[in-house]
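Structure first, commentary second.
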Number of protein chains: 2
Amino acid sequence: MKITAIEEYGLRCMVLLARHGNEDPLTLPEFAEKEGVSAPYAGKLLMILKRSGLVKAVRGRRGGYVLVKPPEEIKLKEIFEALGKPVFSTAHCDKYTGENEICVHSGDCTVKNIWQTFEGFIGSFLERVTLADLVSCDINPPPEPGLRVRQKA
Amino acid sequence: MKITAIEEYGLRCMVLLARHGNEDPLTLPEFAEKEGVSAPYAGKLLMILKRSGLVKAVRGRRGGYVLVKPPEEIKLKEIFEALGKPVFSTAHCDKYTGENEICVHSGDCTVKNIWQTFEGFIGSFLERVTLADLVSCDINPPPEPGLRVRQKA
DNA sequence: CTAAATCTTTACAAAAAAGTAAAGATTTTT
DNA sequence: AAAAATCTTTACTTTTTTGTAAAGATTTAG
């Protein structure tokens, strides 16, 4: 399981914006310089964030990007949803079908069940952390979560 | 964040083995047929699992693969570690350095903190589910885990 | 001992993701 | 109005991941 480049750098752009404040916009060359990436690549990232409604662009001189909402109201989950697919989506089953048109497990799938549960678990984390938490806090691992495992009938 | 093909199909191979039992080994053509992938690709997956010590191979006629331990003793976490890197590892910071030799955030990194916390959270899930749970149970989403967020001093 | 069934290794081909380049559109400043 | 700063779009190149192919090694059955 891996974090994609878009997720990594995209999240960093959001952190930069949150730190910078919304007084004046941050420009692509500024993003690029602060993260050590190229300006066109920064442009690609910000465009993705813009299309998801997390940031807005101001064109022309004195332009750049600003957050649409205050960092307190931006959940990590929204950012992840903007930057990539969730771990498990219906697309998942359509993708891993081996050489067949449709997955051999369609219907009753043990692995699908685990991914869905996993997805829910991850979601409960991403729901609880905001961009504001990220820039202003230490975040500690949560206490051991309980996990109910129920035997099949 | 995505589950890689190796993780998806590798986990399925483990499920097949757990279901099949260790009486007689499962062969590559059998894995291939049951999962709808090619036999050489199944070979690649099983080789990865073998090198991590999760399965062992029996060569020659009547050969194939068997689990090294009973499913009750195989945690999902071990399987994931065999099939891929964890979400966050030191390699992560070495990979996403933009155009620089070393990441601009090395030292104090907000994003690193979140990935490490996230990793721990995910780990607490993968520690608690065994291969046996996977083949014999319904697994339900855990209750809302508490998440302590402590303000910086 | 030989042949068949099996795993093993290495090298290669195809597909997806990451990242680059260049030309175009918009706004502000002068 | 013109120029400069900025975002926007499209197409392309590179790198990584996936998946394939083929020849080799090992064991068992007869």
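In the text below, chain A, chain B and the rest are named by the order of the sequence lines, each starting its count at 1. Keep in mind it's a predicted model, so treat the numbers as computed, not measured.
Nearest heavy atoms, B/Gly10 versus B/Leu45: N-CD2, 4.1 Å. Shortest non-hydrogen contact noted between B/Ser124 and A/Phe121 is OG-CZ, 3.6 Å.
Within residues 20-33 of chain B, no residue has any heavy atom closer than 4.0 Å to DNA chain D. Within a heavy-atom distance below 4.0 Å of DNA chain C, the residues of residues 38-50 of chain B found are B/Met47, B/Lys50. For DNA chain D, the residues of residues 55-67 of chain B within the heavy-atom distance limit of 4.0 Å (strictly under) are B/Arg59, B/Gly60, B/Arg61, B/Arg62, sorted by number.
Applying the side-chain hydrogen bond (donor to acceptor under 3.5 Å, both in side chains) test to every pair with at least one member in residues 33-49 of chain B, sequence neighbours left out, gives these pairs: A/His105-B/Glu35, B/Arg12-B/Glu35. For residues 49-66 of chain A, no residue pair satisfies the side-chain hydrogen bond (donor to acceptor under 3.5 Å, both in side chains) rule, not counting sequence neighbours.
Taking atom CG of residue B/Leu83 and atom P of nucleotide D/dT17, one finds them 15 Å apart after rounding to whole Å. Spacing between atom CD1 of A/Ile6 and atom P of D/dT16 amounts to 15 Å, rounded to whole angstrom units. Rounding to whole angstrom units, NZ of residue B/Lys2 and C1' of C/dA17 are separated by 8 Å. Taking atom NZ of A/Lys95 as the reference point, atom P of C/dA16 lies 8 Å away to the nearest angstrom. Atom P of nucleotide D/dT16 and atom CD1 of A/Ile3 are separated by 18 Å, given to the nearest angstrom. Atom CD in B/Glu8 sits roughly 12 Å away from atom P in D/dT18 (whole-Å rounding).
For CD of A/Glu99, the number of neighbouring non-hydrogen atoms (other residues, nucleotides, ligands) closer than 6.0 Å is greater than 12.
Side-chain contact between B/Pro71 and B/Thr130 is absent, with no heavy atoms from C-beta onward closer than 4.5 Å.
Evaluation of the side chain to side chain donor-acceptor pair (under 3.5 Å) rule for B/Asp24 yields B/His20 as partners, not counting sequence neighbours.
Aromatic pair A/Phe118/B/Phe125: centroids less than 6.0 angstrom apart.
Judged by distance alone, with hydrogens and angles left aside, the side-chain atoms of A/Glu119 form a donor-acceptor pair with the main-chain N or O of A/Val87 at under 3.5 Å. Listed for the B/Glu30 side chain is a donor-acceptor partner under 3.5 Å among the backbone atoms of B/Thr27.
At a threshold of 4.0 Å, the pair B/Lys69-B/Glu78 counts as salt-bridged, since one of the basic side-chain nitrogens sits closer than that to a carboxylate oxygen.
Side chain of A/Tyr9, nearest nucleotide from C/dG19, C/dT20, D/dG19: C/dG19.
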